[in-house]
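Since the model is a prediction, treat every value here as computed from it, not as a measurement.
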Amino acid sequence: MAVSEAHQKANIKWGKENLTNLAVRLRKEKAAKFKELAYKNNTTPNALFKEFVDKYIEDNS
């Protein structure tokens with residue numbers, strides 16, 4: 001089922017209020033290898049970043 005326009009707007013508003021982006025700059029070759037290995041191991045780069053951040057916060061709080 002398609003998401004209504006009102007629901008899309010609410011999702012965008014919530015995201016702006018509750019989320020932020022973190023960026024990392026890597027050489028293209030290294031980034032490509034990282035993505036390849038993540039997908040090969042049935043995960044995503046984003047999931048790995050979130051896991052690292054959660055563990056880092058837990059270990060250092």
Side-chain angles (χ1 to χ4, degrees):
M1 180 180 354
V3 178
S4 71
E5 187 174 330
H7 195 232
Q8 287 177 341
K9 286 182 180 180
N11 285 344
I12 291 168
K13 182 180 182 230
W14 184 90
K16 284 182 180 180
E17 292 171 354
N18 294 283
L19 301 174
T20 190
N21 289 321
L22 295 176
V24 60
R25 294 177 57 93
L26 300 170
R27 291 201 175 266
K28 289 181 180 184
E29 306 81 30
K30 191 174 281 191
K33 187 66 174 177
F34 180 70
K35 287 180 186 179
E36 175 189 333
L37 290 170
Y39 296 132
K40 190 181 275 188
N41 288 296
N42 299 315
T43 189
T44 63
N46 198 52
L48 291 169
F49 291 142
K50 287 179 177 182
E51 184 180 314
F52 171 79
V53 169
D54 289 343
K55 183 169 178 5
Y56 188 84
I57 290 170
E58 182 181 317
D59 291 350
N60 293 282
S61 290

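- By the 4.5 Å side-chain criterion applied to Ile, Leu, Val, Met, Phe, Trp and Tyr, Leu19 is assigned to a cluster that also includes Trp14.
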Enumerate donor-acceptor pairs with a distance under 3.5 Å from any side-chain N or O in residues 31-54 to protein atoms, sequence neighbours excluded.
residue: Asn41; atom: ND2; partner: Leu37; partner atom: O; Å: 2.8
residue: Thr44; atom: OG1; partner: Ala47; partner atom: N; Å: 3.0

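- Listed by chain and residue number, nothing satisfies the side-chain hydrogen bond (donor to acceptor under 3.5 Å, both in side chains) test with Asn18 (two or more places apart in sequence, or in another chain).
- Between the CD atom in Gln8 and the CD atom in Glu5 there is a gap of 7.0 Å [rounded to 0.5 Å].
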